[in-house]
Amino acid sequence: PQQLLGAAAVAAWLLLLAGLAVQVRQRWNGQREWSRKLVHIGTGMVVLIAWGCGIDRLVAIPAAGTITLLAALNHRLRILPAVEDVGRASYGTVAYGASITTLLALDWPHQPAVVAAGVMVMAVGDGLAGLIGPLVKSPSWSVMGQRKSVVGTGAMAAVSLVALLVLWGLLVAGGWASGVPIPVPSPAALVLIVAVGVALEQVALLGLDNLTVPLAVGVLWYLLARPT
């Protein structure tokens, strides 16, 4: 029953996101990126739902793989244009799903923080940077044809660090409460992890940063984690 309830919660959340994305596209048709970023940010919450519901590896990995395949199908057929139609060549949604599936395959559910760290940096850090950067004028530059700005890059760094610090704090508090030390990176290591993530996000050709950033952040979290 727990697995079914968890899967139902994830499915309901994704359906809600898809519906909201369609509404945002219809309401603000001139802002194509908004609906896509809504899905981008919201999808990151799926990992937290799966973690909280204790979804098993045998459920999580096939589900993530199926969602990635559906994203690839949507990318080709544009069944839900609100998710993909951004006016440029991008495989970001597919790469995002692939990164989540890969992180889950590495060590879920034994190391859920590894998955959460990688996904949250991409979801909230990159997601909000993509929304704030174009709205606020600031010095900008181009990397492989992709525009980057001081505000957007700074927003990703700041939001990503806050997200990882919140995750770190919850895990440390949980270790103290249970009496069992939970391996986490030090706060200084979190700064390094964020710096690597931000650097990789600069190379966003075809949206492949959606693959490289979560994987790098997740792997670094795993490698730099120490018992508290």
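The first residue in the sequence is number 1, and the count goes up from there.
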Candidate pair V172 and I182, rule side chain to side chain contact (heavy atoms under 4.5 Å, CB included), full reasoning: CA-CA 7 Å; V172 170; I182 298 176; over 6 Å; no
Before giving the answer on side chain to side chain contact (heavy atoms under 4.5 Å, CB included), spell out for H110 and D107 the whole-Å C-alpha distance, their side-chain angles and the decisive distance to 0.1 Å. CA-CA 6 Å; H110 304 297; D107 202 16; 3.5 Å; yes
N210 vs Y91, test: side chain to side chain contact (heavy atoms under 4.5 Å, CB included). Steps then yes/no. CA-CA 9 Å; N210 288 268; Y91 296 92; over 6 Å; no
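Within the 4.5 Å cutoff, side-chain heavy atoms of L164 are placed close to those of V121. The side-chain heavy atoms of L211 and M122, taken from C-beta on, include no pair separated by under 4.5 Å. Contact annotation: the side chain of L165 approaches that of L190 to within less than 4.5 Å [non-hydrogen atoms, C-beta and beyond]. Side chains of V203 and T212 form no contact here, defined as non-hydrogen atoms less than 4.5 Å apart. Within the 4.5 Å cutoff, side-chain heavy atoms of M45 are placed close to those of L48. In this structure, the side chains of Q3 and I55 come closer than 4.5 Å at one or more pairs of heavy atoms. By the 4.5 Å heavy-atom criterion applied to side chains, S35 and V22 are not counted as neighbours. Considering only heavy atoms from C-beta on, D209 stays 4.5 Å or farther from L200 through its side chain.
Under the 4.5 Å side-chain heavy-atom criterion for grouping Ile, Leu, Val, Met, Phe, Trp and Tyr, L171 is connected to L192 within one hydrophobic cluster. The hydrophobic cluster containing V217 does not contain L170, counting ILVMFWY residues as joined when their side-chain heavy atoms lie under 4.5 angstrom apart, directly or transitively. In the hydrophobic clustering of ILVMFWY residues, with side-chain heavy atoms under 4.5 Å counting as a link, V196 and L223 come out together. Hydrophobic cluster membership differs between L167 and V162, with clusters built from Ile, Leu, Val, Met, Phe, Trp and Tyr side chains linked at under 4.5 angstrom. Residues L20 and L70 do not share a hydrophobic cluster, clusters being chains of Ile/Leu/Val/Met/Phe/Trp/Tyr side chains in contact below 4.5 Å.
From L128, atom CG reaches atom CD1 of I41 across 4.5 Å, with rounding to the nearest 0.5 Å. Between the OH atom of Y222 and the CD atom of Q111 there is a distance of 6.0 Å, given to the nearest 0.5 Å. Put simply, CD on E201 and CG on D126 are 5.0 Å apart, with the number rounded to the nearest 0.5 Å. Taken to the nearest 0.5 Å, the CG atom of L215 stands 5.0 Å off from the CG atom of L103. The distance from the OG atom of S99 to the CG atom of L104 is 9.5 Å, given to the nearest 0.5 Å. Residue W108 holds its CH2 atom at 10.5 Å from CD1 of I100, rounded to the nearest 0.5 Å.
Side chain of Y96 to main chain of H40: a donor-acceptor pair is present (N/O by atom type, distance under 3.5 Å, no hydrogens or angles).
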Quiz: residues 131-143 side-chain donor-acceptor pairs under 3.5 angstrom, not counting sequence neighbours:
from : atom 1 : to   : atom 2 : distance (Å)
S138 : OG     : V151 : N      : 3.2
W141 : NE1    : Q202 : OE1    : 2.9

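Annotation: side chain to side chain donor-acceptor pair (under 3.5 Å) contacts involving residues 47-58, sequence neighbours excluded, are absent.
The two residues W13 and G42 make their nearest non-hydrogen contact at NE1-O, 2.8 Å. Nearest heavy atoms, A71 versus T93: CB-CG2, 3.9 Å.
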